[in-house]
Amino acid sequence: MEKLLILDSNSLLNRAFYALPPLTNNEGLNTNAIYGFSNMLLKMQDDINPDYIVAAFDKKAPTFRHKEYGDYKAGRKKMPPELSEQFPVVKEFLKLLGVNIYEIEGFEADDIIGTIAKTAAKEGMEVYVVTGDKDALQLADKNINVLITKKGVSEVAAYDYDTFVKEFEVTPTQFIDVKGLMGDKSDNIPGVPGVGEKTAFKLIKEYGSVENVLMNIDSISGKKLKENLENYKEQAIFSKKLATIMVDVPFEGIMEEIKDKRETDKDKLKELLIKLNMKSVLNKYISSSDEEERVIDITELSNSEELKRILLSEDNKYYIAYDINESPLNSKRSIKTFVVSKGEDSNFIDMTNLDNHGFEVLKEFFEDENKIKVIHDSKALIKILNKKGIEVKGFEFDTAIASYLIDSAQSDYNIDRIVMLFIGDEIKGDKDECLKKGVVYLKELEERLIKKIKDEGMDELYYSVEHPLIYTLASMENIGFNIDEETLKELKDKFKKEIEVTAKEIYDLAEEEFNIGSPKQLGKILFEKLDLPVIKKTKTGYSTNADVLEKLRDKHPIIDKVTYYRQITKINSTYVEGLMALIDEDGKIHSSFNQTVTTTGRLSSTEPNLQNIPIRYEMGREIRKIFIPTNEDDLLLSSDYSQIELRVLADMSGDVNMIDAFKHHSDIHTKTASEVFNVPIEEVTSTMRSSAKAVNFGIVYGISDFSLAQDIGVTKKEASEYMKVYFDRYPKIKTYLDSLIDSAKENGYIKTILNRKRIIPEIKSSNRIVKALGERLAMNAPIQGSAADIIKIAMNNVYNRLKKEGLKSELILQVHDELILNVKKDELEKVNILVKEEMENAIKLKVPLDVDGNYGKTWYDTK
DNA sequence: CTGGTCTGCAA
DNA sequence: TATTGCAGACCAG
């Protein structure tokens with residue numbers, strides 16, 4: 001006997017949604033109902049093994065029940081958006097599975113189910129109806145099994161005619177009569193007042209139907225019950241009608257349609273399940289035996305001859321992964337394992353003991369532009385090759401960087417992770433195995449990523465900015481920043497003495513020795529021994545951060561000493577000792593610029609982080625004196641964008657007032673102050689200017705009145721007033737920021753000037769704090785990200801022009817809005833102009849970009 | 001020895 | 001109850 005499985009989709013999704021904890025994919029789409037639904041479906045398929053499956057949905061349009069009874073299902077809460085957004089996805093899922101979906105205007109899913117169930121049973125099918133709604137029990141019949149979900153969605157209780165009668169002692173049809181009498185709160189079916197489940201069953205068991213009950217009211221005991229039955233006769237009949245599931249919805253050729261089975265669209269199903277991050281479901285639908293198992297034939301190349309055979313025997317496209325011997329020192333990094341594939345093969349070679357001939361092979365391979373290379377996370381490899389005098393040509397695509405452009409929020413872009421993310425396969429094994437197995441996925445990854453990048457409109461961003469930037473950064477990192485070790489040692493001694501003296505003073509004031517660096521011990525001294533007022537607490541105890549100490553400084557002389565001690569030990573450990581440990585054999589520091597870390601598109605810098613060298617306070621700023629040019633005669637040039645983020649904001653918002661200010665090269669903070677405080681430019685005080693500056697900063701970050709108030713030390717109300725006036729003066733900024741939030745809410749992401757995408761799952765959160773964060777991200781990311789786009793363009797252009805013009809000056813550092821170059825003395829003027837030109841003309845905005853260049857003998861002096 | 005927490009540096 | 005990062009010190013497990 002053929003089996004038909006009918007899904008009461010609305011009911012099941014509701015069940016799953018409320019039974020399972022919230023679950024989202026990486027884009028913030030809720031998936032818990034989908035997950036529960038698909039697992040339930042899998043279980044049913046396993047248990048029943050149906051020949052056909054159909055899914056019924058409710059339509060939004062009112063049904064005949066609503067039309068006849070205005071209050072039908074009234075009082076039902078509106079479906080939360082976290083659930084409703086999952087409906088289209090489930091429909092897509094079912095469609096790809098080949099399941100027929102039925103939803104008909106004017107009928108509920110129940111009616112569709114009833115009709116299909118009865119029709120199919122009549123035609124000799126064994127029918128299974130799965131639902132979370134007990135109403136459907138009235139459909140139970142000889143060949144119709146109604147499966148009701150129990151606790152959650154994993155288990156079901158099954159009823160056919162016999163089991164139903166056995167349990168309830170009425171027939172399934174009589175169950176409608178029961179409902180007519182008792183009503184149904186959730187559907188707002190009234191029934192007869194005073195008649196509950198017990199009485200209803202009792203009456204129907206005795207009289208068989210609502211009609212018969214009503215004809216025999218006289219013989220029923222109980223005065224009140226009689227009265228109610230008498231008074232609500234019509235309501236009882238009507239309720240029965242409402243509770244009756246239709247079994248005669250007009251369906252033309254429904255059975256033929258159901259039997260006309262469609263195939264599962266495996267490729268698209270896979271894609272959808274990967275997108276939903278539902279690997280476990282995917283595995284069940286597409287078992288590995290179903291797919292051609294990826295044949296991974298891993299070959300070890302044991303000498304340079306074998307390497308040569310793979311790399312040089314023909315012109316081809318090569319997929320490359322590698323591992324390096326990590327070291328904090330650039331000079332000590334080398335290639336450990338080199339893995340190459342021409343598509344399906346995987347060949348690796350242990351580079352540690354490779355002879356010189358091996359590097360000749362690599363040189364011939366990498367410098368041949370007809371041998372096309374796709375490299376996963378190429379920069380470290382390029383750096384090592386470049387150091388050995390090998391250029392890299394014919395390099396077309398970096399799968400790590402491309403993956404970052406598609407989703408910048410991943411914690412890393414190792415091959416195994418992005419294979420899971422974009423292909424859905426799990427690569428098992430340690431780092432080494434992931435590499436060797438992963439290389440065979442690079443071809444498919446490349447194809448998918450190229451398509452995605454094109455679809456997202458990021459061709460220019462990848463091919464003209466990020467990809468060329470790999471070479472620019474590799475060069476900067478290999479060049480490094482020269483260090484004045486003498487001065488550094490002097491600083492070290494100076495700080496060491498200062499720390500000792502300060503510590504002694506603190507011990508004297510505390511009248512005991514303790515670890516000043518331990519917030520726990522310091523807290524004990526300050527708040528218990530010295531009994532200072534507790535300002536703030538942390539999870540683990542008293543807060544002793546800078547803000548707290550600032551508030552306490554009048555209360556005890558120890559506070560200023562502690563603050564000073566903090567500053568000086570911070571500078572000493574992080575910058576003096578930290579930098580000292582990273583000076584390479586060439587006397588330079590070679591920081592790494594990571595291209596795939598930040599969510600906004602900025603670079604980040606590690607080992608060491610050269611993007612947070614102190615500048616605000618003199619004591620820390622001194623650190624900059626140790627950064628010197630490569631050669632004695634050279635100079636350092638620092639060129640920085642003035643207010644690039646506000647200019648980007650002016651451009652993207654199109655606010656005429658702000659655009660004007662930049663066009664006239666006004667001091668934007670003073671101008672803002674004059675607007676917000678309504679005074680002429682000349683009367684702007686420095687306090688006003690710094691408040692305005694804080695507002696401008698706040699706008700860029702996505703502001704709240706609370707934080708602004710805290711920042712500039714006014715009340716929340718005043719801060720709120722500043723913002724209001726600000727938006728009055730720059731009206732288009734307000735509308736622009738709002739439009740960013742709207743677009744993020746609608747699409748789930750925002751884009752920068754170059755279409756760099758940042759997915760913002762937070763904005764869909766039902767937690768209002770998280771959602772508020774999402775809104776700030778939506779406002780900040782396009783601004784910060786566009787500024788990042790612009791300086792990246794400038795970096796490539798500066799790098800290429802210096803090379804093209806045969807100049808010996810070199811780009812060595814980027815600090816978000818600033819480029820630092822090592823400049824030959826006789827090139828200074830030329831390079832200063834060149835850099836300014838390239839930075840200012842990196843992109844055409846509605847406002848000019850202003851670049852200020854400063855040079856000096858040390859980084860400290862470039863001011 | 002690792003990972004969590006607190007702290008503080010930059011744009 | 002402001003965005004993006006990196007890193008050192010401490011400390012519990």
Side-chain angles (χ1 to χ4, degrees), chain A residues 328 408-409 514-523 536-549 562-563 565-579 581-582 591-594 596-617 619-621 623-624 640-646 649 694-712 716 719-720 723 750 758 760 762 768-770 772-785 787-788 791 813-819 859:
Chain A
S408 61
F514 64 101
N515 184 347
I516 310 166
S518 159
K520 199 171 144 190
Q521 291 182 41
L522 178 65
K536 207 168 74 176
K537 289 203 155 202
T538 68
K539 269 183 221 173
T540 48
Y542 309 110
S543 172
T544 64
N545 69 23
D547 279 357
V548 171
L549 296 184
V562 170
T563 304
Y565 180 88
R566 279 255 174 91
Q567 290 169 356
I568 203 159
T569 49
K570 165 81 181 180
I571 294 164
N572 189 56
S573 63
T574 307
Y575 299 105
V576 176
E577 289 175 356
L579 290 175
L582 293 170
S591 175
S592 295
F593 295 100
N594 203 312
T596 59
V597 167
T598 71
T599 48
T600 53
R602 277 187 174 184
L603 297 174
S604 79
S605 157
T606 54
E607 281 189 311
N609 180 358
L610 289 188
Q611 291 178 324
N612 73 343
I613 303 300
I615 190 165
R616 284 178 210 169
Y617 305 104
M619 190 175 37
R621 195 172 195 155
I623 293 292
R624 295 187 171 223
D640 68 305
Y641 282 113
S642 153
Q643 303 300 340
I644 187 166
E645 291 184 340
L646 280 177
L649 178 60
V695 178
N696 277 328
F697 265 93
I699 294 294
V700 168
Y701 293 145
I703 201 168
S704 74
D705 46 15
F706 181 93
S707 330
L708 179 64
Q710 184 147 58
D711 192 37
I712 57 180
K716 211 174 94 176
S720 177
M723 284 165 63
I750 56 84
R758 169 158 187 193
I760 304 179
E762 292 87 349
R768 64 168 238 292
I769 295 169
V770 177
L773 171 67
E775 293 176 356
R776 293 197 298 275
L777 298 178
M779 294 188 273
N780 168 264
I783 301 173
Q784 195 182 114
I791 196 165
L813 189 62
Q814 184 250 47
V815 192
H816 309 309
D817 65 354
E818 169 187 23
L819 297 181
W859 193 4

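Labels below follow one simple rule: chain letters A, B, ... track the order of the sequence lines, proteins then strands, and each chain is numbered from 1.
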Shortest side-chain distance from [X], nucleotide among [options]:
{"X": "A:L708", "options": "B:dT7, C:dA7, C:dA2", "result": "C:dA2"}
{"X": "A:N609", "options": "C:dC6, C:dT1, B:dA11", "result": "C:dC6"}
{"X": "A:P614", "options": "B:dA11, B:dA10, C:dC11", "result": "B:dA10"}
{"X": "A:N780", "options": "B:dA11, B:dC6, C:dT3", "result": "C:dT3"}
{"X": "A:Y701", "options": "C:dC11, B:dC9, C:dT3", "result": "C:dT3"}
{"X": "A:N545", "options": "B:dT7, B:dA10, C:dC10", "result": "B:dT7"}
{"X": "A:Q784", "options": "C:dT1, C:dG8, C:dT3", "result": "C:dT3"}

Counting only side-chain N and O atoms of [X], is one of them less than 4.0 Å from OP1 or OP2 of [N]?
{"X": "A:R566", "N": "B:dG8", "value": "yes"}
{"X": "A:S518", "N": "C:dC11", "value": "yes"}
{"X": "A:S543", "N": "B:dT5", "value": "no"}
{"X": "A:T540", "N": "B:dC6", "value": "yes"}
{"X": "A:R616", "N": "B:dA10", "value": "yes"}
{"X": "A:T598", "N": "C:dT4", "value": "no"}
{"X": "A:R758", "N": "C:dT4", "value": "yes"}
{"X": "A:K520", "N": "B:dC6", "value": "no"}
{"X": "A:N612", "N": "C:dA7", "value": "no"}
{"X": "A:T544", "N": "B:dT7", "value": "yes"}
{"X": "A:R602", "N": "C:dG5", "value": "no"}
{"X": "A:T574", "N": "C:dA7", "value": "no"}
{"X": "A:T599", "N": "C:dG5", "value": "yes"}
{"X": "A:K539", "N": "B:dT5", "value": "yes"}

Legend entry - Considering all heavy atoms, the nearest A:L603-A:T598 contact: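 Heavy-atom minimum between the residues: O-CG2, 3.9 Å.
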Legend entry - Donor-acceptor pair (no angle test) under 3.5 Å: A:D711 side chain, C:dA2 base: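 It does, because a donor-acceptor pair links the side chain of A:D711 to the base of C:dA2 below 3.5 Å.
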Legend entry - Donor + acceptor pair across side chains of A:N594, A:T596 (<3.5 Å):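 Side-chain D/A pair, A:N594 to A:T596: present.
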